[in-house]
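By convention here, the first residue in the shown sequence is residue 1. When a ligand or atom number is given, it counts from 1 through the structure's own listing order.
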Amino acid sequence: MCGIIGYTGERSAGPLIMEALRRLEYRGYDSTGLALFDHGSSFFVARAAGKIDQLASRVEGRLPAAAAGIGHTRWATHGAATDANAHPHLDPSGRVAIVHNGIVENYEELRTALLARGRHFASDTDTEVLAHLIADALEAGRDLPAAVRDAVARTTGAYALVAIDRDEPGRLVAVRVGNAGGIVVGRGEREHFVASDLAALLPHTREVAFLEPGELADVRAAAASFCTLAGEPLDRPFEAQTLDPIAAVRGRYKHFMLKEIWEQPDGLLDAVRGRYLLAPAHVALEGFPFDAERVRQFTRVVLIGMGTSWHAAMVGRHYIERLARIPAEVDNAAEFGYRRAILDEHTLVISVSQSGETVDLLAAMEVARRAGCAQLTVCNTPGAQTTRVADGTIYMRMGPEIAVASTKCFTGAMVALHAIALHLGRARGTLDPAEAEAQVAGALHLPAAVGEALLLAPAIEQLAKRYAAYENFLFLGRGLSFPLALEGALKLKEVSYLHAEGYAAGEMKHGPIALIDERMPTVALAPSDELRDKMRSNIQQLKARRGRVVAIVSAGDASLSALADDMLTLPDTDQLLVPFVAAVVMQLLAYYVALERGCDVDQPRNLAKTVTVE
Ligand code: G6P
C-alpha cells in the first residue's frame with residue numbers, strides 16, 4: 001500500500017515522477033503528491049486528494065525544472081483522504097520532505113511531545129512526526145542519513161520512507177523499517193531511482209538493489225551506498241532484473257483486469273513449459289531447495305496466504321494431500337501467528353503471494369523461521385521479500401499483475417502448487433506413476449483448457465447483464481470447488497461492491513439458506529466429480545426456496561439444465577484441474593457485473609494491490 005518514487009539525476013524529475021506515479025497508483029489511490037528541488041529556497045510541492053489525474057491537472061504547466069524529487073500515491077491509514085493528509089509531508093520550516101509507506105505505531109506519543117514543544121501539525125497523519133524528527137536531527141548538525149536513523153530510532157512500527165533535505169539537493173535517503181513496505185533502488189547512467197516496487201523503475205532501469213528490513217540507502221545521481229540502521233556500511237550489489245516492461249501496459253484491453261484474465265493461457269504456458277515433463281512423467285522445479293532425503297523427512301505441510309493467494313493455497317492443500325500424501329493444512333497468514341501452531345524442522349511451510357510483500361504473510365514467515373521450519377514460497381515478483389526469506393522460490397512466471405483484483409496470479413499460484421505437490425509426491429515415492437502421467441498431461445493441457453474457458457466470455461457478459469441488478473449473491477462449492485466459491489465471492493465483492501458470500505455447500509443448511517429467496521441468486525459450482533450429486537441436492541434445496549441458480553457444470557453434463565436458471569459449461573480437464581477453468585468463469589463474471597454497474601474495475605474503492613500494513 002502506498003507507492004513511493006524518488007529520482008536524482010540529469011533528467012527532469014517532475015514528468016518522470018508523474019509517470020512513475022501512474023505505474024504505482026495500483027498500490028493506493030486516495031491521494032497523490034510530489035516534492036521537487038527547484039533551485040529556489042524551498043521545495044516545489046503539489047498534492048491532491050483523489051487519483052493521479054487530480055494532481056496532473058493541478059501541476060499542468062507548473063512543474064519546475066528539477067533534477068531530483070520524490071512522489072507518493074497514498075492508501076490512507078491515519079487521516080482521511082484529503083489534500084492536507086496527502087504526501088509528501090514537510091517539517092514546519094520546510095527543510096525536509098518525506099514520503100512514507102506503513103505505520104508509525106507510537107506517533108501519538110511523539111506528536112504529543114512535539115505539540116508540547118509548541119510544534120504545529122499540518123495533517124492528521126502519523127507520517128508528519130517523522131518529518132519533524134528528521135528536521136530536528138539535521139538542525140542538531142547530523143547529516144541526512146544520520147538524521148533519518150535518529151528519527152527512526154525513536155519510532156516503533158514497520159514502514160518505508162524516503163527523505164530529502166532542501167539544503168542538500170540531489171540526495172535521497174531511503175529506509176526500510178521492519179517488514180512493511182519494500183524499497184528498491186535503481187541505478188541508471190548518472191542517475192538513481194528509489195521506489196516502493198519494481199514496476200515504477202522498469203521503463204528506466206533493470207539494475208536494482210532491494211533493501212532488507214533495517215537497512216538504509218543513501219542515494220545520489222552518481223552513486224548509492226547502503227548501511228544498516230545502526231550505521232554499519234553494507235555491500236549491496238546491483239542485480240539485473242529480467243521482468244518485461246511491455247507486459248505492464250494495458251494495450252487494447254479496456255482494463256488491466258480483463259487483460260490479465262486473457263493472459264492466463266500464455267502465462268500458464270510459461271508456467272508449465274520446461275517444468276512438466278513426460279516419459280517418465282515428472283516435474284523439474286528450478287528453485288526447489290530440498291533434496292529427496294529432506295523431503296522424506298517432512299511430516300506436515302502448512303500453506304499460508306492472504307486474499308486470493310489464500311484461496312489458491314486452499315486448492316494447493318488438496319494437491320499436496322492427494323498427490324504427495326503429506327498431511328497438509330492451510331491458514332490465513334494473518335491468523336497463523338495467533339494460534340501458536342506447533343511447528344518444527346520437519347514442517348514445510350509454503351507461503352503464497354503475488355507481490356511477495358504482504359505484511360501479514362511476512363510476519364507468518366517469521367514465525368515459521370523462528371520455529372526452524374523448511375520454507376518454500378510461491379511468488380510472482382522477482383526479488384520480492386518473501387523470496388529472500390524462504391529457502392527456495394517457485395516463481396509463478398505470470399508477468400506483472402497490475403489490476404488490484406488478482407486473476408492470473410490465482411491460476412499461476414495454483415499451477416505452482418500443483419507442480420510442488422507432484423514433485424513432493426515423486427520424491428517421497430507416494431505418487432502413483434499413472435496418476436503422475438495424468439497430472440502432467442493435464443497440466444500441459446491447461447493453457448488450451450483455460451483458453452477454451454475464455455470463449456465463455458460473451459455468454460458470461462450476457463449473464464452478467466441479467467444478474468447485475470441483484471445486491472446479494474451466494475457462491476457454493478464442495479471439495480476443490482469450495483475455494484473457488486470463496487474466490488468467486490471475493491472477486492465480485494472487490495470489483496462490483498456487491499455483497500457476496502462463498503460457502504462450502506455442506507454448510508449452506510447451517511445458516512446461509514435463511515437468506516435465500518428470489519432476490520438472492522446462487523452461483524453453484526457443480527463439476528462432474530464425486531461430489532456432483534451432493535451439489536445437485538443443494539441446488540434442489542435452493543430451488544425449493546425460490547432461489548435463482550447459476551450452475552457451473554462440466555462438459556457433457558446436461559443433468560442440471562431443467563433445475564438451474566442458467567448454466568455455464570466448463571471445458572474438459574482432469575478433475576483435479578477443474579479449479580483452473582472454473583477460476584476463469586468466476587473472474588469473468590465479476591468483471592462483467594462490475595462493468596455493468598459502472599464500477600472502477602482496476603482501482604476498486606478502498607482496496608490496494610499490495611497490503612503492507614497490518
Ligand atoms: C490484496 C490484493 C489481493 C491479494 C492479497 C494478497 O488484498 O488486493 O488481490 O490477493 O492482497 O496479496 P499477495 O500479493 O500476497 O498475493
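Atoms CG and CG, on Leu343 and Leu348 in that order, are 11.5 Å from each other to the nearest 0.5 Å.
The protein heavy-atom contact nearest to atom 2 (C) of ligand 1 is Lys609 O, 3.3 Å. Protein heavy atom nearest atom 8 (O) of ligand 1, with residue, atom name and distance: Ala608 O, 3.0 Å. Atom 9 (O) of ligand 1 has Val404 O, 3.2 Å as its closest protein atom, hydrogens excluded (heavy atom only). Scanning the protein heavy atoms around atom 7 (O) of ligand 1, the nearest turns out to be Val611 CG2, 3.8 Å.
Between Tyr319 and Phe580, the angle of the ring planes stays under 30°, which puts this pair in the parallel group of the 30/60° scheme. Ring geometry, Phe298 versus Phe290: the interplanar angle exceeds 60°, so the pair is classed perpendicular (tilted spans 30 to 60°). The aromatic rings of His87 and His72 lie parallel to each other, with less than 30° between the two planes, well short of the 60° mark. Note: His204 and Phe193 have parallel aromatic rings, judged against thresholds of 30 and 60 degrees for the angle between ring planes.
A cation-pi arrangement is found for Arg605 relative to Tyr497, the charged atom lying closer than 6.0 Å to the ring centre and inside a 45° cone about the ring normal.
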Requested in this report: For ring-ring contact (aromatic ring centres under 6.0 Å, His included), just list the numbers for Phe473 and His499, CA-CA rounded to whole Å, side-chain angles, deciding distance to a tenth of an Å, and then say yes or no.
Outcome: CA-CA 6 Å; Phe473 282 80; His499 171 229; 9.5 Å; no
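Residue Thr308 approaches ligand 1 through these ligand atoms, each under 4.0 Å from one of its heavy atoms: 10 (O). The ligand atoms of ligand 1 that sit less than 4.0 angstrom from a heavy atom of Ser353 are 13 (P), 14 (O), 15 (O), 16 (O). For ligand 1 and Ser309, the ligand atoms under 4.0 Å from any heavy atom of the residue are 10 (O), 13 (P), 16 (O). For ligand 1, the atoms closer than 4.0 angstrom to any heavy atom of Ser406 are 9 (O).
With hydrogens and angles disregarded, a donor-acceptor distance shorter than 3.5 Å links the side chain of Lys408 to the backbone of Pro400.
No heavy atom of Leu361 sits closer than 4.0 Å to any atom of ligand 1.
Looking at Glu494, Met306, His311, Gln354, it is Glu494 that brings a heavy atom closest to atom 3 (C) of ligand 1.
When heavy-atom distances to ligand 1 are checked against a 4.0 Å cut-off, Thr358 comes that close only through its side chain, counted from C-beta outward.
Residue Val352 has no N or O atom closer than 3.5 Å to an N or O atom of ligand 1.
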